[in-house]
Asker: 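First the structure, which I've put down as structure tokens, then a few questions once you've had a look.
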Amino acid sequence: IAPLAVLQSIYEPGELHCYIERASDDEAVAAADAVVEARFDGAERFAQVKAFADEILANTIAVGDLSEAFTGPHFFTAFTFDHSVGEDASFPAATVFLPRWQVSRSRGSYGAVANLKIEADTDIDVLVLRVLGAYRKFGAFDYTSDSDLSEKAEQPRLIQRGELAPDVYPQAVARALEAIEAGSYEKIVLARGITLKADRAWQPLDALNRLRERFSGCFTFSYGGGESHSFIGATPERLLQIRDGHLLTEAIAGSAPRGQTAGEDAKFGRELLESEKDLHEHICVRDSILRRLQKAGVEGKAEATPRLLPLANVQHLHTRIKAEVGESVHLLDILPEMHPTPAVGGSPREAAVPCIAEIEQLERGLYAGVVGWFNHLNEGEMIVGIRSALIEGKVARLYAGAGIVKGSDPDKEMRETEMKLRALLDVLVSS
């Protein structure tokens, strides 16, 4: 089973869906069509999602081999950057759903899960036949359908490009530097957004396929909120993973371009590893993550020194952080402490994050928010929604940010955001 191809074949713009893949880990999961779903707003959204899932699990019977990866009930979630959003927002502050269909690949093992809602008057025989039909379909999946032909179609052509907040970004960086100099905060992450209008509607999953081919070291993702809204991207940043009682998170901060030659690439990498400004920014992020984990009752251990994380179009400073977690600590108990990290918010968080919206003059929505899944075993994968785009028919909104610390230069930060936006531009727009 190729999860993305299966999702494309059953994709309906009006239905919820989620796709997450990291090709370098040989792992992908696709989920479509909600059996049960919920939306929440406000500071308690993480706890509300947990309570929603707990109630569903308390009334769930799981059938099949639950020892394999991606078996049993999985919940797919998306949290916006801010804990509350306006009524006209494309996505609510928190979305969670249990999919009707789920297909996965994990290190050469493939699986399909069907979730069914049983009411008092449900005809069980009809549901059994439906599952049997799905089993036969997934056992010999036929990828030749009209929907697959869209993959061969040309990319939409760009007819208009503009800034979401024209002429704001350089001045925003300058304002942030003044606040840093005054001691208001140590670091703040400022995003920039552009809007694209095409000659015809984008096919989000076609764009996602191009992203996954180009950025195999990133998490490629798509989260569909219904009403033809899709949030797609290729993020290098894992917020939180829990598997078999082991927690893994990462500090990613500090950026440099990739070189045209091996020598130029190595030069940029060495300069990044020796950059006082970038090392300072990275240490801010690493130390904040360790403090946040400790606040959630988890003792994290970070690698001694950062290493380079080379991606297709940019390289970063990267430090892994690991911890052991018991059954008493749920993934959704840790998440509100971890989000937003200083890599997308700032440090100290309490001082920097409240200033972002007023300085940026943007509605971030799911940009720099959280997309992921968790299951009945308190396992899960949560990623940070950066290097991303919100697609709504013929209109796409692209976002990219940069960390501002003492020593940042407004022109350089503008170039950095353009470099990051390039990743989405190249897969959305034909040249």
Side-chain angles (χ1 to χ4, degrees), residues 1-11 17-32 68-71 74 76 78 99 101-113 138 141 143 148 150-152 155 202-224 230-243 248-250 252 255 258 265 307-316 318 320 370-375 379-389 391 400 419-420 422-428:
I1 294 175
L4 183 56
V6 172
L7 180 60
Q8 276 192 306
S9 73
I10 61 176
Y11 170 72
H17 79 259
C18 183
Y19 183 85
I20 298 176
E21 176 180 14
R22 197 179 198 181
S24 60
D25 291 345
D26 190 23
E27 191 167 273
V29 61
E68 295 291 333
F70 292 110
T71 53
H74 283 60
F76 293 83
W101 307 112
Q102 175 187 313
V103 292
S104 61
R105 183 187 77 248
S106 181
R107 297 171 179 83
S109 178
Y110 299 83
V113 173
F138 288 128
F141 200 85
Y143 297 107
D148 293 325
S150 65
E151 220 174 355
K152 300 175 183 177
Q155 293 166 241
W202 274 286
Q203 299 299 319
L205 298 183
D206 288 350
L208 185 71
N209 187 48
R210 291 189 287 271
L211 277 175
R212 69 196 275 266
E213 292 293 327
R214 187 175 181 199
F215 297 97
S216 61
C218 290
F219 292 94
T220 47
F221 63 88
S222 175
Y223 201 97
S230 285
F231 182 66
I232 70 167
T235 176
E237 192 163 344
R238 167 187 281 128
L239 180 63
L240 183 62
Q241 179 198 81
I242 295 181
R243 302 279 179 92
L248 174 64
T249 184
E250 299 164 330
I252 298 177
S255 307
R258 299 300 305 270
D265 201 48
R307 64 182 72 183
L308 289 175
L309 175 64
L311 304 174
N313 65 331
V314 65
Q315 49 191 324
H316 298 290
H318 172 254
R320 284 176 171 247
V370 182
V371 175
W373 59 266
F374 63 95
N375 65 12
E379 296 178 330
E381 184 87 70
M382 297 289 161
I383 59 177
V384 183
I386 55 174
R387 318 292 158 82
S388 51
I391 297 178
M419 177 176 63
K420 292 172 179 175
R422 196 75 251 165
L424 272 298
L425 281 166
D426 288 347
V427 302
L428 284 174

Asker: Excluding sequence neighbours, so at least two apart, what forms side-chain hydrogen bond (donor to acceptor under 3.5 Å, both in side chains) with Ser106?
Answerer: Glu27

Asker: Under the side chain to side chain contact (heavy atoms under 4.5 Å, CB included) criterion, do Cys218 and Arg387 qualify, and how do the steps go?
Answerer: CA-CA 10 Å; Cys218 290; Arg387 318 292 158 82; over 6 Å; no

Asker: Which distance, rounded to the nearest 0.5 Å, do you find between the CD1 of Ile10 and the NE2 of His17?
Answerer: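 Here the rounded value is 10.5 Å.
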
Asker: Please enumerate all residues that pass side chain to side chain contact (heavy atoms under 4.5 Å, CB included) together with Val113, with sequence neighbours excluded.
Answerer: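 Listed in chain order: Gln102, Asn115.
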
Asker: Checking the side chain of Thr220 only, and the main-chain atoms of Leu211 only, is there a donor and an acceptor separated by less than 3.5 Å?
Answerer: no

Asker: Kindly indicate, with the supporting measurements, whether the criterion side chain to side chain contact (heavy atoms under 4.5 Å, CB included) is fulfilled by Tyr11 and Ser222.
Answerer: CA-CA 12 Å; Tyr11 170 72; Ser222 175; over 6 Å; no

Asker: Can you find a heavy atom in the side chain of Asp265 that is under 4.5 Å from one in the side chain of Gln315?
Answerer: yes

Asker: Check side chain to side chain contact (heavy atoms under 4.5 Å, CB included) between Ser104 and all other residues, then give those that pass, not counting sequence neighbours.
Answerer: Val29, Phe70

Asker: State the CG-CH2 distance between Leu208 and Trp202, to the nearest 0.5 angstrom.
Answerer: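 Atom-to-atom, Leu208:CG and Trp202:CH2 are 15.5 Å apart.
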
Asker: With sequence neighbours excluded, what pairs up with Asn313 under the side-chain hydrogen bond (donor to acceptor under 3.5 Å, both in side chains) test?
Answerer: none

Asker: Going by salt bridge (charged side-chain N to carboxylate O under 4.0 Å, His left out), name the residues that satisfy it together with Arg105, two or more places apart in sequence or in a different chain.
Answerer: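 Expected list: Glu21, Asp26.
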
Asker: To the nearest 0.5 Å, what is the distance between CG (Leu7) and CG (Leu205)?
Answerer: 5.0 Å

Asker: What residues, two or more places apart in sequence or in another chain, satisfy side chain to side chain contact (heavy atoms under 4.5 Å, CB included) together with Glu213?
Answerer: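 Partners of Glu213 by the side chain to side chain contact (heavy atoms under 4.5 Å, CB included) criterion, ordered by chain and then number, come out as Asn209.
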
Asker: Would you say that Pro310 contacts Arg258 through its side chain, given a criterion of any heavy-atom pair below 4.5 Å between the two side chains?
Answerer: yes

Asker: For His316, give me all partners under ring pair (Phe, Tyr, Trp, His ring centres under 6.0 Å), at least two apart in sequence or on another chain.
Answerer: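 Partners of His316 by the ring pair (Phe, Tyr, Trp, His ring centres under 6.0 Å) criterion come out as none, since no residue qualifies.
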
Asker: How long is the straight-line distance from CG of Leu428 back to CG of Asp206, given to the nearest 0.5 Å?
Answerer: 11.0 Å

Asker: Which residues pass the salt bridge (charged side-chain N to carboxylate O under 4.0 Å, His left out) test with Arg320, not counting sequence neighbours?
Answerer: none

Asker: Under the side chain to side chain contact (heavy atoms under 4.5 Å, CB included) test, which residues partner Arg22, sequence neighbours left out?
Answerer: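 Counting only residues at least two positions away or on another chain, Arg22 forms a side chain to side chain contact (heavy atoms under 4.5 Å, CB included) with Ser24, Asp25, Phe219, Arg238, Glu250.
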
